[in-house]
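First up is the structure itself, then whatever we jot down about it.
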Amino acid sequence: MTAVPVRLPGQPEPPPLALYVHFPWCVRKCPYCDFNSHASPAEIPEQQYLDALRCDLESSAINAWGRKITSVYLGGGTPSLMEPQSVDRLLSDIRMLVQLAPNAEITLEANPGTVEAGRFREFAATGINRLSLGVQSLNDDSLQRLGRVHDADDARRAAQLAVEIFTRVNLDLITALPGQSIAQALEDARQICMFGAEHISMYRLTLEPGTVFFRHPPPQMPNADQAADLEDAAREVVIASGIPRYEISAHAKIGAHSRHNVNYWLFGDYLGIGAGAHSKLTDTSGVRREVRHKAPERYMLKANAGEQIAQVLKPSRTDLIFEFMLNALRLCDGFSSKLFYARTGIALATIAGKLRQAQERDWLVVTNEKIRPTPTGLDFQTDLCSLFMETDE
């Protein structure tokens, strides 16, 4: 097999490369979730799915030829529903088929259910070195309204166990919940900070198309101003606890940023395997995106035949600009001015007019070295990024 050239024309280095593995099953589908997840059958076809993942990676490994995988993320769905032996097999297959960086970050998403938490030590023994736990709230009423399968005590036990076993832990928290008061948002944030996790992801509940909540909105949903107040109140507690905000939805102690997610936001490459997984890959012809078949059964059938890719997309010049800015402007510290050309192959001068407009609106700070969003720009990120849907040309 010959090495595949992955540099954009004129660029000295390829983008960093990460690996995402999708596990599509959950105990049950949450009413707010718009991810490709499905209520698990009586018996999950775990080994058949692992066979399909291996076939997928075998036929896709050429995209990683000569490149080190900087991070692996097992997401879903609820990948912690897998048996530890299955996670061990999966990671062994990955190590065999691609080259992992010696210090690769390997994250497993988990829910605080008793079964999953009972496997934490075994997951750590497989090589998982970072756990992302879907706590969401520490209020029983809020958890019930969200349709979660765990209660607050389950969440507390799982979070405590996670930080005892893993040196790197992320805890998810959702704000702007139905019927949530400022006092409840503050208490949720206060409690989640008490576990000592290095990373907290904070999301505002939104009613996404295709979800149960979108079709049947829950009562007592906060309006936009109330939602912003609830999120801001919780965020201030997290920051005051010594976990600064580094991205629109993420807080981390110094040096504890999610390397996998930062690679997304800085427009690095990623190979996605599994049902419905997406990839962003760079070669000498530019950037392309791949989408795997979405339904688990169809994905397994197609992957075993080497036909797992349902769609290949070639972003236009305008698409690349918008996608880069949509990702990079999530970071509070922004990005290096040189990175725009390095990741897109497009001169920064192409968007000079848009950058000036954003500066005039106090949405961006632009220097020769760096471009970063202002606090106002973070608050109005949708409007900010919309500026880049058309070029100046």
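Note that the coordinates shown come from a computational prediction; the quantities given were computed from them, not determined experimentally. All heavy atoms count here, side chains included; hydrogens, waters and symmetry mates do not.
Residue pairs meeting the salt bridge (Lys or Arg N to Asp or Glu O under 4.0 Å) criterion with at least one member in residues 15-37: none, sequence neighbours excluded. For residues 239-258, every residue pair satisfying the ring-ring contact (aromatic ring centres under 6.0 Å, His included) rule, not counting sequence neighbours, is listed here: His199-Tyr246, Tyr246-His257. For residues 160-187, no pair satisfies ring-ring contact (aromatic ring centres under 6.0 Å, His included), with sequence neighbours left out.
With side-chain heavy atoms closer than 4.5 Å counting as contact, directly or through intermediates, Leu301 stands alone and belongs to no larger hydrophobic cluster. If you chain together ILVMFWY residues whose side-chain heavy atoms come under 4.5 Å of each other, Tyr203 ends up in a group of its own. Think of Ile182 as one node in a network of Ile, Leu, Val, Met, Phe, Trp and Tyr side chains linked at under 4.5 Å; its network also takes in Leu186, Leu230, Val237. Tyr32 belongs to a hydrophobic cluster whose other members, connected by ILVMFWY side-chain contacts under 4.5 Å either directly or through intermediates, are Leu146, Ile174, Leu177, Leu205, Leu207, Phe213, Phe214, Met221.
Scanning for salt bridge (Lys or Arg N to Asp or Glu O under 4.0 Å) contacts around Arg156 gives Asp153, with sequence neighbours left out. For Arg190, the salt bridge (Lys or Arg N to Asp or Glu O under 4.0 Å) test picks out Glu187, with sequence neighbours left out. Evaluation of the salt bridge (Lys or Arg N to Asp or Glu O under 4.0 Å) rule for Asp56 yields Arg292 as partners, not counting sequence neighbours. Thr78 meets the side-chain hydrogen bond (donor to acceptor under 3.5 Å, both in side chains) test with Asn111; sequence neighbours excluded. Every salt bridge (Lys or Arg N to Asp or Glu O under 4.0 Å) that Asp51 has, sequence neighbours left out, goes to Arg89.
Summarising the local packing, CG of Asn368 is surrounded by 12 or fewer heavy atoms from other residues, nucleotides or ligands at distances under 6.0 Å.
Seen from the ring of Phe267, Lys280 counts as a face-on cation partner, given the 6.0 Å and 45° thresholds.
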